[in-house]
Participant: 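This structure is in structure tokens; I'll ask about it shortly.
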2 protein chains.
Amino acid sequence: MGTALNALKMLEYFSSSQPEIGLSHIARLAGLNKATALRHLRALEEFGLIEQNPQTKSYAIGPAALRLAALREIAKPGLDGARQKMQAAMHEVGESLHLTLLEKDTLQTALVVETTQHSVRVSLDPSEIIPVNATASGLCMLSFGPAFLLERLESDTLTRFTEATMTDPKIIRDRVTQIGRAGWTNSNGSFEDGVFGYAAPIFGIDQIAIGTIAIAVPEIRATSARQPLILASLHTLSKELTANFGGQMPETFPTEFHP
Amino acid sequence: MGTALNALKMLEYFSSSQPEIGLSHIARLAGLNKATALRHLRALEEFGLIEQNPQTKSYAIGPAALRLAALREIAKPGLDGARQKMQAAMHEVGESLHLTLLEKDTLQTALVVETTQHSVRVSLDPSEIIPVNATASGLCMLSFGPAFLLERLESDTLTRFTEATMTDPKIIRDRVTQIGRAGWTNSNGSFEDGVFGYAAPIFGIDQIAIGTIAIAVPEIRATSARQPLILASLHTLSKELTANFGGQMPETFPTEFHP
DNA sequence: TAACGAGGTTCATTTAATGAACCACTAACG
DNA sequence: CGTTAGTGGTTCATTAAATGAACCTCGTTA
């Protein structure tokens, strides 16, 4: 059902590591007959979503993508779309949410959606710089973000915020590899006492995290009974926000989060 | 021929002035049955090129556009694509080409492709700031670019480069309205003696020029016999480069250039 | 020279797209 | 308070378009 969709799905095979693909190759990748693959490519090309290199005859994403992206930004500026999705999640889980983005080389709070369902809630100062060693978001970023964050772990001085704060690079590195498998992490009062944080990555185009989404729960409500709901929401958000910012999930990323 | 293309063409109806469109409306715009329009939208939505606002039920460009645009930039960085197209045109007309882009509020040379076919050729210093009153590119930009360029014409001091340089704002304004109708312009040694320039606009997403493409011809080769070829190439470049940078031609723009 | 895989084409077969009529709902109006 | 006209969305017999095996041509490699 949907030839148009089948045609569009051919675009999925272009990636940063493989920005140009030949006809036979893409037909094989998509499991299509060469004839149909060619017709689809021609349709996409006419619209400008695909461009053929006249020399090599192979295909790449076309300039129409730029026009559409510009229109997208007009219709839904990045953070606007993110806020909507976070608000929806907030109503589901009834807790506050934080979106952090990697700006240059620091992790910064970009958006905070506070719960309206509880008077006891976690409030976070926006525009705060997030320590990588003390928060769920930070650890997530170390696991899925650019390598330089992990590399400079030793050279940086890691501040201790509470008793639970990790400051030993070795221990952090162990934790980071764990998170890499799980896809998410939590922090039990390692930044502020009484605050449980659950975080998951938001990926960019090259499948490297550009930020994180976190759900902050006060200790009293951080029961194991509520965890499945929180993890499900977290996973959905991770996917949706990745899409929202034009990113791509790694194939190896778990399809759901387990406690 | 091509359902996929028909589906994609629905995307054409989104614009900066109309970033969200309802089902019935877009069906009417595209001249499609509501049922087919809906199916197309659903296909585009599944791919992420369209997003439905759950509240208003109307549709807008989706986040997949961002991902594709990022991939496009990887495959063909803006100026790379432009250079290729300019090189192709250079072989056709055998003359040097200049691409200028509006950076902030000045017009700057972004790319120069020099002809390999003649030893007498026009060479231009790259990274030069282009005077709006003395060059074909500048005049083009005044005609099709942002309004502030025209507005500040009186307050700026207009340098005289040659005998032919226009320095009277009134005369320039007249010329600019002429160019607005023709779509292109030339300059006969108003910047440097012996250099004929032919220029046309490159449009951005909002149909306002973001730069220009110019063909520079030494006086000896600037015969009226060669003009049709030059104008045809210029028009093609104007369209292609507009697409290359993700822009959109105004509907009122001429479909060909006349002498 | 032969064999291979590349891009691209052809055309009988099949499958999926199409659209008129329909439903449910909302807002405006007399 | 019923009427009208506008939404968004669905249904299903009809029709038109997508499909793919086989084929062609051309450049590389053995």
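Chain naming here is simple, since letters A, B, ... match the order of the sequence lines and numbering starts at 1 in each. If you're wondering where the values come from, they're calculated on a predicted model, not measured in any experiment. What's counted below: heavy atoms across the whole structure, side chains too, no hydrogens, waters or symmetry copies.
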Participant: Whole Å only: how far is the CZ atom of B:Arg39 from the P atom of D:dT11?
Facilitator: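 Interatomic distance, CZ of B:Arg39 to P of D:dT11: 12 Å.
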Participant: Taking B:His258's backbone N and O only, do any of them form a donor-acceptor pair with B:Trp184's side chain (distance below 3.5 Å, no angle check)?
Facilitator: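 Here the side-chain-to-backbone pair exists.
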Participant: In this structure, is the centre-to-centre distance between the rings of A:Phe203 and A:Phe245 below 6.0 Å?
Facilitator: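 No, ring centres 6.0 Å or more apart.
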Participant: Treating primed atoms plus P, OP1 and OP2 as sugar-phosphate and everything else as base, which nucleotides of nucleotides 3-9 of chain C get B, S or - for protein heavy atoms under 4.0 Å?
Facilitator: ---SBBB
Participant: Rounded to whole angstrom units, what separation is found between the CG atom of A:Leu5 and the P atom of C:dA17?
Facilitator: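 About 10 Å, once rounded to whole Å.
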Participant: Using only side-chain N and O atoms of B:Thr3, determine if any of them is under 4.0 Å from OP1 or OP2 of D:dA18.
Facilitator: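 B:Thr3 to D:dA18 OP1/OP2: side-chain N or O found under 4.0 Å.
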Participant: What about the rings of A:Phe257 and A:Tyr198, do their centers lie closer together than 6.0 Å?
Facilitator: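 That pair fails the under 6.0 Å test.
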Participant: What is the separation between atom CG on B:Leu41 and atom P on D:dT7, rounded to the nearest whole Å?
Facilitator: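 The distance from CG of B:Leu41 to P of D:dT7 comes to 15 Å, rounded to the nearest Å.
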Participant: Under 3.5 Å, is there a donor-acceptor pair linking the side chains of B:Thr100 and B:Thr212?
Facilitator: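 Note: B:Thr100 and B:Thr212 side chains meet the donor-acceptor criterion.
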Participant: Closer than 4.0 angstrom, basic N to acidic O: yes or no for B:Glu12 and A:Arg67?
Facilitator: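 Answer for the salt bridge query: yes.
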Participant: Within this structure, what is the CG-to-P distance between B:Leu32 and C:dG19, rounded to whole angstrom?
Facilitator: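 About 7 Å, once rounded to whole Å.
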Participant: Under the side-chain contact (heavy atoms from CB on, under 4.5 Å) test against B:Ser96, which residue among B:Glu114, B:Met86, B:Met90 passes?
Facilitator: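 Result: among B:Glu114, B:Met86, B:Met90, B:Glu114 is the only option passing the side-chain contact (heavy atoms from CB on, under 4.5 Å) with B:Ser96.
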